[in-house]
Number of protein chains: 2
Amino acid sequence: MPNYYDDLDLVLRALADPTRRAVVERLAKSPAVVSELAAPFSMSLPALMQHLRVLESAGLVTSHKHGRVRTVSLRPGALDVLHLWLGEQRTPAEHQADRLGIHLTRTIPEEP
Amino acid sequence: MPNYYDDLDLVLRALADPTRRAVVERLAKSPAVVSELAAPFSMSLPALMQHLRVLESAGLVTSHKHGRVRTVSLRPGALDVLHLWLGEQRTPAEHQADRLGIHLTRTIPEEP
DNA sequence: ATAATAGTTAGGCATGCGCTTAACTATTAT
DNA sequence: ATAATAGTTAAGCGCATGCCTAACTATTAT
């Protein structure tokens with residue numbers, strides 16, 4: 001029985017890889033077939049399949065096989081956990097800015 | 001000169017670890033000193049230092065040393081890249097739901 | 001029936017990652 | 001001056017991750 005933190009962990013781990021992120025981005029447009037997803041990458045099919053498995057067991061993606069072709073889709077709301085967590089990690093300064101309707105300007109201080 | 005994708009990659013990689021996430025969560029409350037950050041974990045100080053270094057080079061965290069004590073803070077807006085990316089990965093269905101003000105109900109279909 | 005297509009399984013390899021211990025530096029307290 | 005505190009550096013170890021090739025299954029096309 002996976003909880004909030006486990007879900008988040010799976011999602012974040014899944015998204016930590018550029019290939020998998022690219023797949024998610026592709027699927028955000030529309031569902032796609034495995035070979036279609038593999039095409040843009042210079043990587044073997046099995047390698048991409050592994051990425052798909054990671055995405056699927058993170059709950060980011062669903063897939064269904066019709067005949068010999070598997071169609072993969074982005075799971076609506078799959079990224080909600082992340083969105084939720086993100087909302088909680090705002091600094092006090094940002095919360096205050098929210099209340100005031102201010103958009104913070106950030107400067108990245110260089111180490112001296 | 002790091003671009004959007006590199007930033008995102010660093011941020012997501014950094015957040016893919018539970019320890020680092022816990023540190024971020026702690027720092028969202030208020031800045032803290034290294035030993036203070038290390039305390040909750042059953043892990044050597046050097047191990048935690050490495051995590052801090054990852055967080056820092058992902059731009060999630062800043063730190064300054066006064067005397068022998070280093071204070072670490074969450075960088076305001078550091079999570080913006082992620083928030084931004086997240087916004088782009090909404091499915092067409094979700095976009096439509098947004099327009100209609102509908103909150104989608106999700107069911108996770110089990111594989112037969 | 002044969003061949004081509006779409007995906008899958010298995011095994012192996014290199015590299016990265018999270019962690020440890022040991023030894024060291026720099027600052028502050030006694 | 002000595003000792004305690006706060007953090008740092010370096011080296012090494014084991015396991016996870018991302019990738020590959022080779023061989024295989026199942027479906028569709030000829």
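Note: hydrogens, waters and symmetry copies are ignored here, and every other heavy atom, side chains too, is used. Below, chain A is the first sequence line, B the second, and so on; all start at residue 1.
Backbone-only engagement by B/S35 is indicated by non-hydrogen atom pairs under 4.0 Å involving sugar-phosphate atoms exclusively. Residue-level contact check: B/A47 touches the bases, meaning some heavy atom is under 4.0 Å from a base atom.
When side chains are defined from C-beta on, B/V24 counts as touching B/L74, because their heavy atoms get closer than 4.5 Å. The shortest side-chain heavy-atom distance between A/V11 and A/L60 falls under the 4.5 Å cut-off.
Criterion: ILVMFWY side-chain heavy atoms under 4.5 Å apart, direct or through other members. Under it, A/V54 and A/V34 are not part of a common hydrophobic cluster.
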Side-chain donor-acceptor pairs of residues 36-52 of chain B under 3.5 Å, sequence neighbours excluded:
residue: B/E36; atom: OE1; partner: B/V33; partner atom: N; Å: 3.1
residue: B/E36; atom: OE2; partner: B/R26; partner atom: NH1; Å: 3.4
residue: B/S44; atom: OG; partner: B/A47; partner atom: N; Å: 3.3
residue: B/H51; atom: ND1; partner: B/R20; partner atom: NH1; Å: 3.1

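Helical stems in DNA chain C, defined as runs of 3 or more consecutive Watson-Crick or G-U wobble pairs with both donor-acceptor distances under 3.5 Å, are listed by first residue as C:1-30 with D:1-30.
Remark: P of D/dG7 and NE2 of B/H64 are 15 Å apart, rounded to the nearest angstrom. To the nearest angstrom, C1' of C/dA6 lies 13 Å from CG of A/L52. We find that CG of A/L45 is positioned 10 Å from P of D/dC20, with the value rounded to whole Å. Rounded to whole angstrom, the span from the CZ atom of A/R53 across to the P atom of D/dG18 amounts to 12 Å. D/dT17 atom P lies 16 Å from atom CG of B/D9, rounded to whole Å.
Nearest heavy atoms, A/L55 versus A/A14: CD2-CB, 4.2 Å. Considering every non-hydrogen atom in both B/P31 and B/T71, the closest pair reads CB-CG2, 4.1 Å.
Scanning for side-chain contact (heavy atoms from CB on, under 4.5 Å) contacts around B/L86 gives A/L79, A/L82, A/H83, A/L86, with sequence neighbours left out. Residues passing the salt bridge (charged side-chain N to carboxylate O under 4.0 Å, His left out) test with A/D9, sequence neighbours excluded: A/R13, B/R21.
Between B/E36 and A/S44, the residue anchored nearer the 5' end of DNA chain D, judged by the nucleotide with its closest heavy atom, is B/E36.
We find the CD-CG distance between B/Q89 and B/L84 to be 9.5 Å, quoted to the nearest 0.5 Å. Atom CG of residue A/L15 and atom CH2 of residue B/W85 lie 4.5 Å apart, to the nearest 0.5 angstrom.
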Using a cut-off of under 3.5 Å, enumerate the N/O to N/O pairs linking the protein to nucleotides 15-18 of chain C.
residue: C/dG18; atom: OP1; partner: B/R20; partner atom: NH2; Å: 3.1
residue: C/dG18; atom: OP2; partner: B/R20; partner atom: NH1; Å: 3.3

message: Strictly under 4.0 angstrom, non-hydrogen atoms only: write out the protein contact profile of nucleotides 22-30 of chain C, one letter per nucleotide from the 5' end, B, S or -.
response: B----BS--
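In the model, B/R70 has a side-chain atom that pairs as donor or acceptor with a side-chain atom of B/S63 under 3.5 Å.
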